[in-house]
Every structure is written in structure tokens, then in C-alpha cells.
Amino acid sequence: MVFSRISSCVIIGYALVIASRSSPQQANSQRKTLCITVSNPGFKLEQKTSAAEAVATALGDAVKLSAVQPTVSNATTSNPIGDKCSDTVKAGLSWTDNSLTTQDQFLSGACWCYNWGPGWCSKAQNIDNVPMLWGTQSSKISAWKSATNGKSYDNILAFNEPNIDSQSNISSTDAAAAYKKYFEPVNAGAKGSPAVTSGSSGVNWLQDFLTACSGCQVDFLVIHVYCVTSTDAINFIQQFLTTFPTYDFWITEIGCQDFSGKGETCSQEMANAMLSGVKTFVMGEKRIKRWAWYEPSEEINIDPSNRLMDTNGDITPFGKLFLAS
């Protein structure tokens, strides 16, 4: 088992949920652009050279025209253009059930979803369906190419926990090569890094990936966090924020769960306390754009205190707490 340790919380590669997250159902070249930035710091527009020059001429001295390499957007002032989420609505669903009937009760508080695969995770119009290229297996690549061919997306996600043996298990060098070959060609407004686990293992892997993928379009970094206290969770998140100060972040999995082997059970009281503490931090941190508690389904082999849905398919009090504005 691969593990990393910080403070009193240990994160390991876990096999309990791999079947759910790796099932078949879930299963450009560098260019130069011109950015036009007006006096409003939250406004950024990319156009071809001729269009950019035309706008610059029209706006006169209020416009600054500069050539940049689109290696990283690092946007910390606003969410991507067309984003259905905002600084006040960040919650999403890491969702293995795309039934609209089941989802209806969750939609008022969620703005996005993903299911660890390239297919749709929701039929609702107000939800940003975010496809994911889970790994580099031939079946995953084939499904990804088939699903994304000719389509456009607001956001897309790369490999699931490549620093963990029991998950996508990809070296940073191989991940960079696959990212360039299969991920970057997909038409998307923003592209997320591979999703690493919290702790030194994830930090080191992500640093190596960004070095190996120099010149890639990486618009935000993606992390997973599992602890049993909000203090440990926030410490993990802060480590990434500090190590990568120019990037925005998505937390696509977080849960009150002990994967250290100590066998500590996360009670409902502990889960509620962790959720409340982390939620306050997440909603106050502008560089964290989205987050998703793991996991809505009642069937996942994880402490029941984390469940957003009960055995009848109804939203739980914990789910309401997560989705409340």
C-alpha cells in the first residue's frame, strides 16, 4: 500500500472503492495567443491576433495587449467563462448514478458533477458535467476518445490518483506524455491536472508532473483529501495552496474516513464537525473553485456518516448540510 503521512492523519491508496470508480461505465500542440486585459482585473479575453488588435484599437488606452504562452491560466480572480459555479456555489457530486429522478433533490445546491469517466453524470441543464480520463489503460483511452470526439466542454479532468498503486498508478513522466497526447486535444475551456491524494506523495508527484508537462495547458490542480478532523484536512489543503501558489484548486473527493489502517471509525458527530470546519474554509478560500464530498451513494464501502443519500435514495441531513449555501 502507498501512504503519506502528515500530522496525525494518514492517506493511503485504498482498494475498497476501486470497483466503483474504475468500472467500464466510468471507465495541442503548443500555440501562442493574445490576451486583452482591461482595467477590470476579473476580465480576460482570448482572441486571434486580428480580433485582439481590433478590440485594442476600439478600446484605446484602456486596453493592454500582451502575448503570452497558454501553458497555465492560473486564474484566481474568476471561474472559467461559462462556469455554472461561483464563489458562493462550489459543491458538486462525485456521482455513480446518473438517474435524473435520484438527482433532483441534490440539484438546488450542486453546480457540477463527475463520475470518474467520460460520460454524462447528470441530465440536468444547470449542472456542469465534467468528463474524466481515468487512466491510461487502452479501454479507458478508447472510451475517452469515443466520448469526447467532436465535443466541447467547460472543464475536463485528468487521471485518478496516479500516485496510488491501486488507482490509475501512472508515473509523472508517463502521465505527462498521455496528457499531451490524449487530454490536451479535447476542446475545453479549462483543463484540470491529474487528481492526487493529499500529503507528501501527492505533492511530490504533482511537482514532478508539472515539470514533465512544461508547456501543457493546466488550468487548475485537483486533489483528494481523507481525514477524520477538519484541522488535518485544512492542513493538507494548505500544503497544496502553499506549494503551488499560482494555481486554483478543485477538491474532487473529500471525506471523513480513516485509511491509515488504525481502524478509527468516523462517527456522525465527527463527520458533521469535519464538514462544517472544512466548508467554512473552502467557501472562504477563493482559490478553491469546486469541491465534492465522497460519496452520495449509500452503497459505497465507506463510513456511513459520509453518505449524502440514505438507503431509500433520499438526501440525508448530512447531505443537506453539505449542499446548503
Side-chain angles (χ1 to χ4, degrees), residues 17 20-21 26 75 78-80 82-100 102-134 153-158 160-161 188-198 219-226 233 237 240 248-257 271 274-276 278-297 300 302 306-309 315-316 318-325:
V17 297
S20 169
R21 294 190 291 162
Q26 299 168 328
S78 64
N79 287 311
D83 200 340
K84 294 178 173 62
C85 301
S86 68
D87 287 338
T88 58
V89 182
K90 303 180 181 183
L93 301 172
S94 51
W95 195 263
T96 54
D97 179 2
N98 65 0
S99 166
L100 181 62
T102 302
Q103 287 184 0
D104 280 346
Q105 59 197 315
F106 294 90
L107 298 183
S108 62
C111 59
W112 70 283
C113 67
Y114 85 112
N115 61 7
W116 300 276
W120 292 99
C121 52
S122 174
K123 302 174 185 177
Q125 295 299 312
N126 62 327
I127 290 287
D128 180 15
N129 285 265
V130 184
M132 182 183 205
L133 175 55
W134 190 91
Y153 302 91
D154 288 341
N155 305 277
I156 55 177
L157 299 171
N160 185 76
E161 298 182 358
K191 298 173 181 178
S193 75
V196 297
T197 58
S198 51
D219 298 294
F220 56 91
L221 304 183
V222 184
I223 62 174
H224 293 171
V225 180
Y226 289 97
I237 298 167
F240 282 92
D248 289 337
F249 283 83
W250 288 24
I251 305 171
T252 55
E253 289 183 30
I254 183 170
C256 186
Q257 180 73 23
M274 177 175 164
L275 172 56
S276 296
V278 175
K279 184 175 183 178
T280 298
F281 176 80
V282 165
M283 298 310 295
E285 175 53 68
K286 291 187 179 296
R287 288 173 56 202
I288 300 176
K289 297 302 183 183
R290 300 188 182 188
W291 72 316
W293 203 269
Y294 189 78
E295 208 262 18
S297 174
I300 298 301
I302 195 169
N306 289 281
R307 293 171 181 168
L308 308 185
M309 179 197 302
I315 190 169
T316 62
F318 186 79
K320 292 178 181 179
L321 179 62
F322 170 64
L323 295 171
S325 58

Counterpart residues, side chain to side chain contact (heavy atoms under 4.5 Å, CB included), relative to Ala188 (two or more places apart): Tyr153, Ile156, Lys191
Shortest non-hydrogen separation from Tyr226 to Ile254 and the atoms involved: CE2-C, 4.2 Å
Backbone of Ala292 reached by a side-chain donor or acceptor of Ser94 within 3.5 Å: no
Ser108: partners by side-chain hydrogen bond (donor to acceptor under 3.5 Å, both in side chains), with sequence neighbours left out: none
Closest contact, heavy atoms only, Pro131 versus Pro118: CB-O, 3.6 Å
Closest contact, heavy atoms only, Gly109 versus Ala91: O-CB, 3.6 Å
For the student: nearest non-hydrogen atoms of Ile127 and Lys84, plus distance: C-CD, 3.6 Å
Contacts of Trp112 that satisfy side-chain hydrogen bond (donor to acceptor under 3.5 Å, both in side chains) - sequence neighbours left out: none
Backbone of Leu321 reached by a side-chain donor or acceptor of Lys279 within 3.5 Å: yes
By side-chain hydrogen bond (donor to acceptor under 3.5 Å, both in side chains) - contacts of Asp128 (at least two apart): Asn155, Arg290
Minimum side-chain heavy-atom gap Lys289-Asp87 below 4.5 Å: yes
side-chain hydrogen bond (donor to acceptor under 3.5 Å, both in side chains) partners of Thr252, counting only residues at least two apart: His224
Whether Asn306 side chain and Cys256 backbone form a donor-acceptor pair below 3.5 Å: yes
Asp154 side-chain N/O to Gly189 backbone N/O, donor-acceptor pair under 3.5 Å: no
Pairing residues for Phe322 by the ring-ring contact (aromatic ring centres under 6.0 Å, His included) criterion, not counting sequence neighbours: Trp291
With Phe249 via ring-ring contact (aromatic ring centres under 6.0 Å, His included) - residues at least two apart: none
Near-ring test Trp116/Tyr294, centroid separation under 6.0 angstrom: yes
Minimum side-chain heavy-atom gap Phe220-Leu157 below 4.5 Å: yes
Test log, rule side chain to side chain contact (heavy atoms under 4.5 Å, CB included), inputs Met274 and Trp293: CA-CA 11 Å; Met274 177 175 164; Trp293 203 269; 4.1 Å; yes
